[in-house]
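Here's the structure, in structure tokens; my notes come after.
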Amino acid sequence: MLHRTLLYPNHLKLFLSATKYKRHIIQVHALVITTGNLLNGSFISRDLIAAFGRIGEISHARKLFDQLPQRNVSVYNSMIVAYSRGNNPDAVLRLYDQMIAERVQPDSSTFTMTIKACLSGMVLEKGEAVWSKAVEFGYKNDVFVCSSVLNLYMKCGKMNEAEVLFRKMMKRDVICWTTMVTGFAQAGKSLKAVEFYRGMQNEGFGRDRVVMLGLLQASGDLGDSKMGGSVHGFLIRTNIPMNVVVETSLVDMYAKVGFIEVAFRMFRRMMFKTAVSWGSLISGFAQNGLPNKAFEAVVEMQSFGFQPDLVTLVGVLVACSQVGSLKTGRSVHCYILKRHVLDRVPATALMDMYSKCGALSSSREVFEHLGKKDLVCWNTMISCYGIHGNGQEVISMFLKMTESNIEPDHATFASFLSALSHSGLIEQGQHWFSAMINKYNIQPSEKHYVCLIDLLARAGRVEEALNMIHSEKLDTALPIWVALLSGCINHRNLSVGDIAANKILQLNPDSIGIQTLVSNFYATANKWKEVAKVRKMMRNGVMEKVPGHSVIEMNGELRTFLMEDLSHHEHYHMLQLLRNLSSEMRNVSNKSISECVISN
DNA sequence: CCCGTTGCGG
């Protein structure tokens with residue numbers, strides 16, 4: 001039974017804002033009704049609605065709301081808060097419209113919360129309409145309203161609009177500065193984010209914890225360990241209290257700049273972890289080429305009662321594609337289908353995983369089932385066919401892509417040209433290389449030139465390739481010479497090969513694969529002194545490096561193939577077969593490479 | 001009341 005002193009409105013308000021029991025709120029409601037009609041025009045109805053909303057009794061709040069003979073701004077706002085907390089942006093927007101229809105004047109928080117609901121509901125147009133209404137009612141310079149509009153613009157990719165509004169604002173607080181910094185950071189415009197952070201510092205802001213998250217994200221994105229480390233140092237020095245979100249961001253940052261051990265140490269020291277923390281760690285393992293660590297972590301997170309979310313599962317798929325675990329990949333696919341609608345990012349990750357695990361038809365199936373395909377989806381599908389050496393399908397995919405009005409980018413051409421070269425489609429490769437420049441206005445970068453050199457070198461046109469290296473001033477790029485050298489080995493061109501091998505050694509390659517290639521070339525040329533030199537270099541250089549290997553799944557079991565591994569009992573026959581195959585391939589390629597395209 | 005952590009292709 002409620003105490004009589006609660007009849008004072010202030011006491012009632014305090015009581016309502018503190019209790020977590022539905023029956024308490026109902027008792028207050030009853031009390032208010034039985035002791036006189038306090039509901040109309042008083043604050044009690046607002047507080048009752050807020051109290052019901054706070055404990056998640058939204059339908060109770062709504063019933064009370066609907067029963068009121070008249071509703072003012074506060075009552076509306078309480079109801080809007082309830083729906084916002086319940087993650088129901090549609091209901092917020094309906095209430096806002098109803099409010100306008102009932103001619104109740106919204107205030108700053110109404111606009112702020114409604115615009116935020118537009119963001120959750122991803123309705124930019126509605127948000128802009130609400131914003132013009134806010135301007136109409138005189139909230140043009142309200143920092144709360146403006147920040148929510150800035151955030152809406154940033155999250156919808158309207159960076160320019162956001163910047164224009166930001167410049168026009170009369171007064172700027174930490175929040176709106178932070179909105180800009182995190183907005184740019186999340187959009188991958190890391191340098192812009194840092195630029196705004198500097199602006200913020202110049203205005204005397206910048207000790208805020210949230211803005212540090214934006215900087216951490218920018219550091220990770222740029223791979224800038226110095227910047228990330230200094231943010232970490234700043235957090236420690238200034239005694240800004242850590243929390244799960246900051247710690248998770250630190251784990252993520254360290255993983256992204258390649259300091260996976262540091263990330264793991266940070267993770268282990270975290271007192272409280274969330275599914276997101278686990279997700280950061282797991283994606284970090286996958287990004288750093290530690291797929292087995294990623295798998296272990298997923299199992300472990302589940303043993304702690306956390307379910308992997310979509311983002312984490314994408315990390316697991318990346319891990320699967322690295323080790324070729326088709327079985328795990330398929331089970332992740334099922335897991336996703338059971339719980340979520342397959343959206344673009346997981347679908348793209350699935351396509352990539354399937355193709356790298358050898359199941360090209362499954363890649364295509366996922367691709368076909370996808371409703372809306374973006375640039376990355378198309379690029380991935382092209383790369384899938386490229387990996388499998390299916391040049392014809394790559395070309396038809398590319399054409400379909402342009403027919404669908406998706407503008408190809410530098411990555412499209414990187415996959416496309418590489419696929420054409422690997423399929424031996426020389427004329428096509430040259431044609432599309434110039435189309436890239438002339439028709440699509442993409443200036444070739446190093447990787448595109450590598451494709452072109454590779455293309456020519458594979459065709460045995462190594463002198464032509466060499467001329468191009470000189471005329472296009474590509475002679476400082478290691479991958480260019482590597483592409484040329486492998487062509488020289490295959491076509492036994494010792495003179496050009498010698499130039500390439502020399503250049504490669506000058507550039508001091510630390511990759512075992514490249515060193516092996518050079519050593520193989522010298523062996524082909526019978527230059528045994530040079531072979532010994534390169535071998536010595538290999539031994540001195542990178543002892544701790546894991547030797548090159550590949551993994552394939554057979555009947556659910558992972559088989560590893562190590563470089564120069566002779567431990568298999570049939571290794572002699574395997575090597576014999578490989579030798580025969582490569583000599584056959586050389587014979588065929590001398591005739592015409594394009595004749596031996598193996599279609600799927 | 002406005003700003004906060006994990007994701008795909010190259």
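Only heavy atoms go into these numbers, but all of them, side chains included; no hydrogens, no water, no symmetry mates.
Ring pair A:Tyr440/A:Phe398 is perpendicular by interplanar angle, where above 60° counts as perpendicular and below 30° as parallel. Ring orientation note: the planes of A:Trp378 and A:Phe367 are nearly perpendicular, at an angle over 60° on the 30°/60° scale. Classification of the A:His410-A:His448 ring pair by plane angle, with boundaries at 30° and 60°, yields perpendicular.
Counting to the nearest Å, the P atom of B:dG4 and the CG atom of A:Asp252 are 16 Å from each other. The CZ-P distance, from A:Phe144 to B:dC2, rounds to 8 Å in whole Å. If you measure from atom CD1 of A:Ile406 to atom C1' of B:dC8, you get 15 Å, rounded to the nearest angstrom. Atom CG in A:Leu350 sits about 10 Å away from atom C1' in B:dC8, given to the nearest Å. Nucleotide B:dT5 holds its P atom 17 Å from the CD1 atom of A:Ile240, rounded to whole Å. Straight-line distance from the CZ atom of A:Arg209 to the P atom of B:dT5: 13 Å, rounded to whole Å.
Under a 4.0 Å N-O distance rule, the pair A:Lys192/A:Glu163 qualifies as a salt bridge.
A:Asp173 comes within contact range of at least one nucleobase, with a heavy-atom separation under 4.0 Å. Backbone-only engagement by A:Ser249 is indicated by non-hydrogen atom pairs under 4.0 Å involving sugar-phosphate atoms exclusively. When heavy atoms are screened at a 4.0 angstrom cut-off, A:Glu247 is found touching no nucleic acid atom at all.
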Trace of the ring-ring contact (aromatic ring centres under 6.0 Å, His included) decision for A:Trp278 with A:Phe267: CA-CA 8 Å; A:Trp278 283 97; A:Phe267 177 83; 4.8 Å; yes
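Proximity note for A:Thr179 (side chain, C-beta onward) versus B:dG4, B:dG7, B:dC3: the nearest is B:dC3. With distances taken from any side-chain atom of A:Ala349 to the nucleotides B:dC1, B:dG4, B:dC8, the minimum falls on B:dC8. Among the nucleotides B:dG4, B:dC1, B:dC8, the one closest to the side chain of A:Gln287 is B:dC8. Distances from the side chain of A:Thr178 to the nucleotides B:dC8, B:dC3, B:dT5 place B:dC3 closest. Of the listed nucleotides (B:dC8, B:dG10, B:dT5), B:dG10 has the atom at the smallest distance from the side chain of A:Ser383.
Results of the side chain to side chain contact (heavy atoms under 4.5 Å, CB included) test with A:Ser325 over A:Cys357, A:Ser331, A:Cys320 single out A:Cys320 as the only residue that passes.
Every residue two or more places apart in sequence or in another chain was checked for a salt bridge (Lys or Arg N to Asp or Glu O under 4.0 Å) with A:Glu403, and none qualifies. Remark: A:Ser225 pairs with no residue by the side-chain hydrogen bond (donor to acceptor under 3.5 Å, both in side chains) rule, at least two apart or across chains.
Taking CG from A:Asp224 and NZ from A:Lys256, the interatomic distance works out to 14.0 Å, rounded to the nearest 0.5 Å.
Residue A:Gln186 places at least one side-chain N or O under 4.0 Å from the OP1 or OP2 atom of B:dT5. Taking only side-chain nitrogens and oxygens, A:Lys155 comes nearer than 4.0 Å to OP1 or OP2 of B:dG4. OP1 or OP2 of B:dG7 has at least one side-chain nitrogen or oxygen of A:Lys256 nearer than 4.0 Å. At the phosphate of B:dC2, neither OP1 nor OP2 sits under 4.0 Å from any side-chain N or O atom of A:Asn151. Residue A:Lys116 has a polar side-chain atom (N or O) positioned under 4.0 Å from OP1 or OP2 of B:dC2.
Sorted by first and then second residue, the ring-ring contact (aromatic ring centres under 6.0 Å, His included) pairs with a member in residues 334-357 of chain A read A:His333-A:Tyr354; sequence neighbours excluded.
Listed by residue number, A:Asp409, A:His410, A:Ala411, A:Ala414, A:Ser415 are the residues of residues 409-419 of chain A with a heavy-atom contact under 4.0 Å to DNA chain B. The stretch residues 304-316 of chain A touches DNA chain B through A:Asp309, A:Val311, A:Thr312, A:Val314, each having a heavy atom within less than 4.0 Å of the strand. Using a 4.0 Å cut-off on heavy atoms, the residues of residues 265-284 of chain A that approach DNA chain B are A:Val276, A:Gly279, A:Ser280, A:Ser283, listed by number.
A 4.5 Å side-chain heavy-atom check between A:Leu455 and A:Leu417 finds every atom pair outside the cut-off.
Taking the ring centroids of A:Phe285 and A:Phe295, they lie at or beyond the 6.0 Å cut-off.
Side chain of A:Ser423 to main chain of A:Leu425: no donor-acceptor pair is present (N/O by atom type, distance under 3.5 Å, no hydrogens or angles).
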